[in-house]
Peer 1: 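My questions will all concern the structure given below.
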Amino acid sequence: MATDQKLKARLPRGLADRGPADVAATETMLAKIRAVYELYGFEAVETPLMEYTDALGKFLPDQDRPNEGVFSLQDDDEQWMSLRYDLTAPLARFAAENWTRIPKPYRSYRVGWVFRNEKPGPGRFRQFMQFDADTVGAASVAADAEICMMMADAMEAVGLKRGQYVVKVNNRKVLDGVMEAIGLSGDEHAAKRLTVLRAIDKLDKIGPEGVRDLLGAGRLDQSGDFTKGAGLEAAAIDTVLAFTAARGETGAATIANLGALVGATVKGAEGVAELAEIATLVEASGYGDRVLIDPSVVRGLEYYTGPVYEAELTFEVPNEDGQIVRFGSVGGGGRYDGLVSRFLSEPAPATGFSIGVSRLMSALKAISSPILSGTEALGPVVVLVMDKDRAGDYLALTKRLRDAGIRAEMYLGSSGMKAQMKYADRRKAPCVIIQGSNEREAGVVQIKDLVAGAEAAKSIESNAEWKAARPAQVEVKVEDLVETVRGILASQA
RNA sequence: GCAGCUGUAGCUCAGUUGGUUAGAGCGUCGGAUUGUGGCUCCGAAGGUCGGUGGUUCGAGUCCACCCAGCUGUACCA
């Protein structure tokens, strides 16, 4: 059935278009972060947006198809491929595939879009940008400590002040110790352990009492929806909650608390020792005030095997509706000793961190960060077209400006002068160049400063007066065009 | 997935106990002003009232189901 119905232009949900200001601000921010990573000796590497699904993670258990959380397609040989959902798994593939060629420990960074087929929400997109740095082939916790310190430096490089952010460190082995202490070690309790970890992860969102409910029978949230809990005994719940509250005044106090809670288990003791070493290293480098041991950090990803970290913003900002917004985590990472070695017959310990670029960007916007100011660019100088058959003359004027390094364009539409002025206004043009037949014969051009003109307009009420005054408009010889425009640009800067 | 809320012009919304031709502001376009962006005034375009079915003499309004969006929650390897 034929129809003359027009196609509806629509952006898929969870995706976003970005305007010039956004693009420029992102570029600026990425440059700042990149400079920090390079200062630490990390080198750039870029991998494709797509990988074979088995390299990214797992197929659904017992089914020959990928997890629904990734965007997937089948190659012409029926192999499943997926858009990358983070930058860590592709790095692991790259490092393993080039294992004999790369210097080890291999220190690299990468930035790019990642994709997740999940329900989008405020601040949650299906395509977003991450900026990662990883060290592959170093088992020492010095590598972890260094990454944490580098993250602190990156936060400051993008304009956050000390106290506006904090890098929190925990250790999966300590969490394992807690699990062992409450009798949840062993494969048969894997599912329940996951439930407990998720509950702990929600501490800052729902508070200790909410976590208590989730660890026990379950929790009824404000929408009336019920979430089934882990079903732990009261004593076990107390142990877990005591663990999350184990943060002391100082790192040493926190470590002592943790030692008391899980020191009796092998894993727990190992984790506490690692945390103590990280604390020492961080302290020795003078980062003790912003890299903190915090037992409430969990991180959702299952592949972490040791230290885990999270960069968190500590300030709150009211949004346009007047509600208080906490940005929370703007990045996270940890040690993943198993991820690269999946591909290899030798151990390949690795640790890394990922910055959520988009989220960090919205936080910087909210506090009007200075590194984002000045990214709202003026448009080009617009050369108006008064006589359509003289386009060559106007292009010559435009080229004259371009040759002098001044952004300029000839109006390419078909409308009259009034509309061309409106166009220039909307383009945020600093000025327009006007040359009708009179000016052409005299070898001159009119140059109208749109910024100064708008300023002058405030004191002019009648349109007749406004037109007659021709505010901020000068007539100069064509030879003086460049110099005059330069003067106008300088006066607007 | 579960729950709550919301669907009327490009956007933000109004629309009375169900009653004639569904409105406003903003935006867009044109004119007042053949060659000057602002302001002001005048005018125009723009609607399957989310969809389908039902109740009714009559539905934007009431009912049922469906769809979409938002918010929370779950999942997020």
Side-chain angles (χ1 to χ4, degrees), chain A residues 3 5 8-14 53-61 63 65-70 72 82 84-86 88-89 114-124 126 128 194-195 197-199 201-202 205-206 210 214 218-229 299-304 321 323 336 339 379 382 384-387 411 415-440 446-473 475:
Chain A
T3 173
Q5 189 89 44
K8 168 113 177 146
R10 59 208 181 103
L11 178 70
R13 70 201 176 94
T53 305
D54 60 3
L56 284 185
K58 293 168 188 149
F59 285 94
L60 283 173
Q63 289 180 50
R65 48 162 311 183
N67 190 299
E68 292 191 0
V70 293
S72 303
S82 299
R84 62 191 184 188
Y85 64 90
D86 71 11
T88 310
V114 300
F115 304 83
R116 293 191 188 179
N117 193 8
E118 292 163 11
K119 184 194 160 189
R124 286 171 65 93
R126 297 201 292 175
F128 57 98
L194 206 55
T195 308
L197 287 180
R198 283 175 191 151
D201 200 27
K202 294 190 176 65
K205 208 176 197 176
I206 61 178
L214 280 180
R219 175 172 179 266
L220 194 67
D221 67 52
Q222 54 176 316
S223 73
D225 193 27
F226 184 76
T227 308
K228 198 169 178 300
R299 305 293 303 159
L301 296 176
E302 269 178 11
Y303 55 62
Y304 290 128
D321 299 332
Q323 295 162 317
Y336 48 98
L339 209 51
V382 174
L384 303 195
V385 173
M386 308 303 290
D387 303 313
Y411 176 74
S415 299
M417 179 176 186
K418 189 179 171 73
Q420 295 189 37
M421 290 296 296
K422 283 190 175 177
Y423 169 79
D425 203 35
R426 205 184 271 185
R427 285 299 306 275
K428 295 189 171 64
C431 61
V432 296
I433 311 302
I434 307 165
Q435 190 187 54
S437 53
N438 295 344
E439 284 90 355
R440 186 165 53 246
Q446 304 282 345
I447 302 175
K448 190 178 185 77
D449 182 337
L450 294 186
V451 176
E455 188 62 30
K458 288 177 185 167
S459 56
I460 301 177
E461 274 141 34
S462 86
N463 187 259
E465 187 189 348
W466 158 247
K467 281 181 66 177
R470 291 192 172 178
Q473 184 166 330
E475 179 179 296

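Letters A, B, ... mirror the listed sequences (proteins, then strands); counts begin at 1. In what follows, every heavy atom counts, from backbone to side chain, and hydrogens, waters and symmetry copies are set aside.
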Peer 1: Heavy atoms only, 4.0 Å cut-off, all strands: where does A:G453 land among base, sugar-phosphate and nothing?
Peer 2: base
Peer 1: Nearest whole Å is fine: how far is B:C75 P from A:K228 NZ?
Peer 2: 13 Å
Peer 1: Whole-Å distance between B:C76 P and A:E118 CD?
Peer 2: 9 Å
Peer 1: Answer yes or no: is there a donor N or O on one side and an acceptor on the other, between the side chain of A:Y336 and the main chain of A:A89, under 3.5 Å?
Peer 2: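 Checked: no pair found.
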Peer 1: Which part of the nucleic acid does A:A454 contact within heavy-atom distance under 4.0 Å: base, sugar-phosphate only, or nothing?
Peer 2: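 Base contact.
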Peer 1: Just one of A:R470, A:E439, A:Q435 clears the side-chain hydrogen bond (donor to acceptor under 3.5 Å, both in side chains) bar with A:Q446, so which one?
Peer 2: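 One option only clears the test, and that one is A:E439.
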Peer 1: Please tell me which of the listed nucleotides, B:A77, B:A74, B:U36, lies nearest to the side chain of A:R470?
Peer 2: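 So the nucleotide nearest the side chain must be B:U36.
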Peer 1: Where the side chain of A:K418 is concerned, which of B:C76, B:G38, B:G69 is the nearest nucleotide?
Peer 2: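 Minimum distance to the A:K418 side chain belongs to B:G38.
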Peer 1: Given the P atoms of B:C41 and B:G27, what is the spacing between them in whole Å?
Peer 2: 12 Å
Peer 1: Considering non-hydrogen atoms only, spot the tightest contact between A:G229 and A:T195 and give its length.
Peer 2: C-CG2, 4.4 Å
Peer 1: Could you tell me whether the side chain of A:K119 has a donor or acceptor atom within less than 3.5 Å of a complementary atom in the base of B:U73?
Peer 2: yes
Peer 1: Looking at every strand, decide which applies to A:V70 at a 4.0 Å heavy-atom threshold: base, sugar-phosphate, or nothing.
Peer 2: base
Peer 1: Does B:C39 have OP1 or OP2 sitting under 4.0 Å from an N or O in the side chain of A:W466?
Peer 2: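 So the side-chain polar atoms of A:W466 never come under 4.0 Å of the phosphate oxygens OP1 or OP2 of B:C39.
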Peer 1: Pick the closest RNA chain B nucleotide for A:S415 and for A:P471 by heavy atoms, then say which residue is nearer the 5' end.
Peer 2: A:S415
Peer 1: Can you tell me how far C1' of B:C75 sits from NZ of A:K205, to the nearest Å?
Peer 2: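 Computing the A:K205:NZ to B:C75:C1' distance gives 12 Å.
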Peer 1: Can you check the distance between B:C57 and B:A14, where both ends of the measurement are the P atom (answer in whole Å)?
Peer 2: 31 Å
Peer 1: For A:M417 and A:L384: C-alpha separation, side-chain torsions, deciding distance, then whether side chain to side chain contact (heavy atoms under 4.5 Å, CB included) applies.
Peer 2: CA-CA 7 Å; A:M417 179 176 186; A:L384 303 195; 4.2 Å; yes
Peer 1: Indicate, with a heavy-atom threshold strictly under 4.0 Å, whether A:L384 touches base, sugar-phosphate, or nothing.
Peer 2: nothing
Peer 1: For residues A:A457 and A:W466, report the shortest heavy-atom separation together with the two atoms involved.
Peer 2: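 Of all heavy-atom pairs spanning A:A457 and A:W466, the closest is CB-CZ3, 3.3 Å.
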Peer 1: Between B:U8 and B:G69, how far apart are the two P atoms, rounded to whole Å?
Peer 2: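 Rounded to whole Å, the distance is 14 Å.
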Peer 1: Please confirm whether the shortest side-chain N or O distance from A:R198 to OP1 or OP2 of B:A74 is below 4.0 Å.
Peer 2: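 For A:R198, the contact criterion (side-chain N or O under 4.0 Å from OP1 or OP2 of B:A74) is not met.
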Peer 1: Distance check, P atoms only: B:G51 and B:A45, in whole angstrom units.
Peer 2: 24 Å
Peer 1: From the list B:G37, B:G35, B:G69, which nucleotide is the closest neighbour of the side chain of A:E439?
Peer 2: B:G35
Peer 1: Measure across A:Y85 and A:R116 and return the closest heavy-atom pair with its distance rounded to 0.1 Å.
Peer 2: O-NE, 2.9 Å
Peer 1: Hey, mind stepping through A:F115 and A:V70 against side chain to side chain contact (heavy atoms under 4.5 Å, CB included) and telling me if it holds?
Peer 2: CA-CA 7 Å; A:F115 304 83; A:V70 293; over 6 Å; no
Peer 1: Round to the nearest Å and state the distance from A:Y85 atom OH to B:C75 atom P.
Peer 2: 17 Å
Peer 1: Considering the options A:D449, A:I447, A:L450, which one meets the side-chain contact (heavy atoms from CB on, under 4.5 Å) requirement together with A:V432?
Peer 2: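 Answer to the side-chain contact (heavy atoms from CB on, under 4.5 Å) test with A:V432 among A:D449, A:I447, A:L450: A:L450.
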Peer 1: Once you round it to whole Å, what is the distance between P of B:G38 and NZ of A:K428?
Peer 2: 15 Å
Peer 1: Sticking with atom C1', work out how far B:A77 lies from B:C65, rounded to a whole angstrom.
Peer 2: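 The answer is 37 Å between these two C1' atoms.
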Peer 1: Measure across A:L214 and A:K202 and return the closest heavy-atom pair with its distance rounded to 0.1 Å.
Peer 2: CD1-CD, 4.0 Å
Peer 1: Could you tell me whether A:T195 contacts a base, only the sugar-phosphate backbone, or nothing, with contacts defined as non-hydrogen atoms closer than 4.0 Å?
Peer 2: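 Touches nothing.
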Peer 1: Please evaluate the base of B:G37 for a donor-acceptor partner in the side chain of A:Q473 within a cut-off of under 3.5 Å?
Peer 2: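 Answer is no: no donor-acceptor pair is held.
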Peer 1: Evaluate A:L194 against A:R198 for side chain to side chain contact (heavy atoms under 4.5 Å, CB included), listing each step before the verdict.
Peer 2: CA-CA 6 Å; A:L194 206 55; A:R198 283 175 191 151; 3.1 Å; yes
Peer 1: Mind calculating the distance between CE (A:M417) and C1' (B:G38) to the nearest angstrom?
Peer 2: 15 Å
Peer 1: Check A:L56 against A:S82 and note the closest heavy-atom contact, atom names and distance.
Peer 2: CD1-CB, 3.6 Å
Peer 1: When the distance from CZ of A:R124 to P of B:C75 is rounded to whole Å, what number comes out?
Peer 2: 11 Å
Peer 1: Got a donor-acceptor contact below 3.5 angstrom from the A:R126 side chain to the A:P120 backbone?
Peer 2: no
Peer 1: For the atom pair NZ (A:K422) and NZ (A:K418), what is the distance rounded to the nearest 0.5 Å?
Peer 2: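 One gets 5.5 Å once the value is rounded to the nearest 0.5 Å.
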Peer 1: Could you tell me how far apart A:L197 (CG) and B:C76 (P) are, to the nearest whole angstrom?
Peer 2: 11 Å
Peer 1: Please pick, from B:U36, B:C75, B:A77, the nucleotide with the shortest atom-to-atom distance to any side-chain atom of A:I434.
Peer 2: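 Looking only at heavy atoms from C-beta outward on A:I434, the closest nucleotide is B:U36.
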Peer 1: As a check on the pairing definition, encode RNA chain B in dot-bracket form, counting Watson-Crick and G-U wobble pairs whose two distances are under 3.5 Å, and using | for partners outside this strand.
Peer 2: (((((((..((((.....[...)))).(((((.......))))).....(((((..]....))))))))))))....
Peer 1: Hey, what are the protein-to-nucleotides 10-12 of chain B N/O distances that come in under 3.5 Å?
Peer 2:
none

Peer 1: Run the side chain to side chain contact (heavy atoms under 4.5 Å, CB included) test on A:M386 and A:I434 for me, step by step, so that the C-alpha distance in whole Å, both residues' side-chain angles and the decisive distance to 0.1 Å come before the verdict.
Peer 2: CA-CA 7 Å; A:M386 308 303 290; A:I434 307 165; 4.0 Å; yes
Peer 1: Could you write out each protein N or O paired with an N or O of nucleotides 26-28 of chain B at a distance under 3.5 Å?
Peer 2:
residue	atom	partner	partner atom	Å
B:U28	OP1	A:R426	NH2	3.1

Peer 1: Using atom C1' in both nucleotides, what's the gap between B:U56 and B:G19 to the nearest angstrom?
Peer 2: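 After rounding to an integer number of Å, I get 12 Å for this pair.
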Peer 1: Quiz question: going by heavy-atom distance under 3.5 Å, is there a donor-acceptor pair between the base of B:U36 and the side chain of A:Q446?
Peer 2: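 Answer is no: no donor-acceptor pair is held.
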Peer 1: I'd like the C1' distance from B:U28 over to B:U12, given in whole Å.
Peer 2: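 It comes out at 16 Å once rounded to the nearest Å.
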Peer 1: Taking the C1' atom of each, how far is B:G60 from B:A22, in whole Å?
Peer 2: 8 Å
